[in-house]
Amino acid sequence: MNFELTEERQMLQDTLRRYLREKYTTAVRNDILTSDAGLSADIWSELAELGVLGALFTEEMGGFGGAGFDLAVVFEELGRAGVVEPVLDSALMGGRLLASAGKSDMVEEVIAGSLHLAVAHGEPGGRYDMDHVHTKADGGVLIGRKAVVMNAEAADHLIVSARDGDAIALYLVAKDAKGLDIQGYPLLAGGRAGEVTLDKTPCEPLNLSLTDLQAATSLALVAISAEALGAMESATHLTKDYLMTRTQFGRPIGTFQTLAHRMADLLIELEQARSAVINAAGYLEASDADLHLSATKNLIGRIGRLVAEESIQMHGGIAMTQEYELAHIAKRIVMADHRFGDTDYHLERFIALSAA
Amino acid sequence: MDMSFTDDELAFQNEVREFLRDELPSEMADKVAKGIELGKDDMERWHAILNARGWLAPNWPKSFGGAEWNAVQRHIFDTEAAAANAPRIVPFGLSMLGPVLQKFGSKEQQDHWLPRILDGSDWWCQGYSEPGAGSDLASLKTRAVRDGDHYVVNGQKTWTTLGQHANMIFCLVRTDPDAKQQEGISFLLIDMNTPGVEVRPIILLDGSDEVNEVWFTDVRVPVENLVGDENEGWTYAKYLLTHERANIAGVGFSQAGLAAVKRMARAENHNGRPLIENPHFAARVAQVDIDLRAMATSNLRIISKAAAGGAPGLEASMLKVKGSIIRQEINDLARRVAGPYAMPFASEALEGANDTIPDPLGAGPVAAQYFNNRKLSIFGGSNEIQRGIIAKVTMSGGRA
């Protein structure tokens with residue numbers, strides 16, 4: 001039994017943490033948040049140069065990582081710094097789907113940071129249900145509508161789910177394809193998404209099924225959970241510091257027992273979250289991976305809300321302001337619950353899988 | 001024990017309903033229902049409509065142009081107004097300063113300022129909190145030094161709600177730096193157009209700009225703008241806070257919010273069924289509903305006591321804590337209902353794109369409201385401060 005990171009992963013963590021601490025400051029990020037693009041092309045290239053994108057792929061795919069713990073290390077650091085660039089959607093989900101489809105040239109470009117992707121799966125009214133797909137594939141074109149597609153505007157290609165008859169399959173659509181319309185908008189926790197309409201849009205079949213999409217979603221569940229964990233670490237760190245420096249009634253507010261105990265509770269729950277992410281990463285390839293992933297996502301949803309709300313409350317008004325780091329971090333934590341199934345969705349999936 | 005309204009109260013309720021049906025502009029109610037920020041024009045228009053009916057100042061005596069409603073009437077109005085999605089009354093002049101001037105102001109101050117609050121000539125804001133004086137308000141440092149017929153004010157206030165619309169601010173300032181903390185404070189009325197006053201917006205985490213910093217640099221304030229006696233401001237400030245606590249539980253807002261959650265959850269599907277039928281989600285809704293029903297009765301108990309002349313102190317603290325928790329819980333339910341559509345975000349800070357924000361449930365910016373309403377347990381004396389008061393009063397016989 002050994003819970004230490006391997007030497008390679010430790011180096012990756014150190015490098016990424018140092019880079020983000022120096023480059024991805026609150027001020028830099030707030031500029032990115034209010035920019036038209038909603039992401040920084042420079043940061044994206046530098047993440048590629050640092051090998052962060054390559055760490056999301058196995059050696060056979062042209063990367064140098066790709067396992068659950070590689071994803072956990074990368075996304076925990078991205079979460080700690082509140083990074084809004086679409087590493088999860090564009091590089092991890094999009095890239096790994098193309099790797100499964102044997103598109104090694106495109107994967108190489110993803111790793112180099114020169115190709116952006118978007119996964120267009122959810123549809124209006126579909127909530128978190130994986131098989132709610134009404135988009136139709138018919139004779140080489142797609143017809144339908146996709147909801148809240150992350151990174152849709154920046155993507156060079158979209159990976160779109162559609163039904164050919166009864167079966168759900170995945171198709172590749174180029175950004176300049178005929179009949180493709182994207183209505184983009186900003187997101188509360190940073191980044192951009194869009195409503196995508198496909199009107200007889202030409203596409204290329206990827207020979208991937210819903211099962212392949214579910215496998216990519218499993219990777220995404222590890223990633224989003226680790227990202228939320230990193231953000232929770234930041235939130236508790238900021239709160240601890242604030243409690244020891246903010247003085248009211250002549251003493252640091254952290255010396256009031258009511259706040260001290262609540263801080264202690266956050267630290268206890270944070271360890272639970274850390275272990276839950278280790279479970280998700282460690283059991284990613286196990287036969288009962290889905291059970292572990294749902295357990296983790298449910299726990300992260302519950303503890304994430306607690307950490308975000310308590311961190312804001314113990315700070316007071318300052319945490320409500322956009323220019324204070326915690327505001328953005330808290331939004332990242334809570335909004336993570338709205339991706340790939342929320343707390344209740346994964347509670348139900350856990351119950352169903354436990355009973356099976 | 002009789003939990004029903006009297007015939008007079010029921011007649012009043014009908015009168016309020018008719019008024020709201022006839023007079024509340026539908027486009028305004030629509031904005032409120034969707035949690036869209038109201039502009040200054042909207043708020044002034046609603047005030048004018050209420051003022052025309054004589055209902056703008058429900059708690060003021062008739063002699064000052066108020067409606068002089070008792071606590072039950074005020075409760076009926078607040079509840080009906082919230083259910084109809086009427087805008088909130090901007091409280092700074094009407095609920096806060098007005099009662100202070102009526103009790104402690106000079107005849108000249110009453111004659112000058114009170115009518116101007118009612119007819120909208122002045123928009124007041126509140127200068128209490130400072131960067132170093134939040135929960136510990138008495139540690140405030142903004143300084144006022146007497147110089148002939150003026151006070152010269154230097155310092156900084158913060159969390160000044162809607163200060164960007166205001167032309168007047170009532171401030172707590174330190175006039176005696178050597179006295180014990182609470183004893184050297186005065187209550188001053190300051191014209192915001194005086195040279196040396198600067199308002200800087202604070203952008204909140206939901207992108208809104210409702211609060212501000214207000215800076216004072218050598219601001220000269222005529223001595224006739226001192227309310228009551230010098231160095232007695234803390235007494236007036238505490239009196240003001242008891243009025244700030246009217247409708248503190250926000251029962252009407254919670255009821256309207258919960259109704260909206262249920263409406264959205266009937267429209268949203270989960271696994272082919274309405275989300276409202278999902279056992280886990282239904283349990284979440286039921287839990288809040290159950291808590292809210294009890295709190296509504298707690299609120300009525302306290303209102304009924306106040307109408308009979310009792311002074312709510314401890315109970316107001318209890319309602320503040322429970323009321324904020326329930327409202328925040330409802331905001332949490334609303335963001336859950338919206339699912340992935342909770343993520344899109346409209347903001348003044350982000351140009352363009354706002355027109356394309358998808359909102360299939362007609363829910364408005366539910367996630368932004370969830371974050372904005374974290375303030376409910378922070379402002380007006382944080383929930384930790386309220387719990388401290390409750391504990392102090394019940395366990396060591398202190399005063400609220």
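First the proteins, then the strands, lettered A, B, ... as listed; each starts at 1. Computed from a predicted model, the values in this text were never measured in an experiment.
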> Around atom CD of A:Q214, are there more than 12 heavy atoms of other residues, nucleotides or ligands at under 6.0 Å?
Replying inline: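 Atom CD in A:Q214 is crowded, with more than 12 foreign heavy atoms closer than 6.0 Å.
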Between [X] and chain A, with a heavy-atom cut-off of 4.5 Å, which part of the residue counts as in contact: side chain, backbone, both or neither?
X      : answer
B:L204 : both
B:R336 : both
B:L275 : side chain
B:R335 : both

> What option among B:R387, B:Q181, B:R284, B:Q328 has the most heavy-atom pairs under 4.5 Å with chain A?
Replying inline: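 Option with the greatest count: B:R284.
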>> Less than 4.0 angstrom from a charged side-chain N to a carboxylate O is my criterion; do A:D342 and A:K297 meet it?
In response: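 Judged by the 4.0 Å cut-off on N to carboxylate O distance, A:D342 and A:K297 do not form a salt bridge.
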> Are side-chain heavy atoms of B:E210 and B:K375 found at a separation under 4.5 Å?
Replying inline: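 Yes - at least one pair of side-chain heavy atoms lies under 4.5 Å apart.
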> Under 4.5 Å between any side-chain heavy atoms of B:T160 and B:E213, yes or no?
Replying inline: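 With C-beta onward as the side chain, the pair stays apart.
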What part of [X] is in contact with chain B, defined as an atom under 4.5 angstrom from a non-hydrogen atom: side chain, backbone, both or neither?
X      : answer
A:A147 : both
A:M150 : side chain
A:L259 : side chain
A:L347 : side chain
A:D131 : neither
A:A319 : backbone

> Would you say the side-chain atoms of A:H315 pair up with the backbone N or O of A:L326, donor to acceptor, closer than 3.5 Å?
Replying inline: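 No; zero donor-acceptor contacts below 3.5 Å.
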> Among A:E348, A:M335, A:E323, which residue forms the greatest number of heavy-atom pairs with chain B at distances under 4.5 Å?
Replying inline: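 Among A:E348, A:M335, A:E323, the one with the most close pairs to chain B is A:E348.
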Determine whether the side chains of [X] and [Y] contain a donor N or O and an acceptor N or O closer than 3.5 Å.
X      : Y      : value
B:D206 : A:Q322 : no
B:S377 : B:N383 : no
A:S225 : A:T296 : no

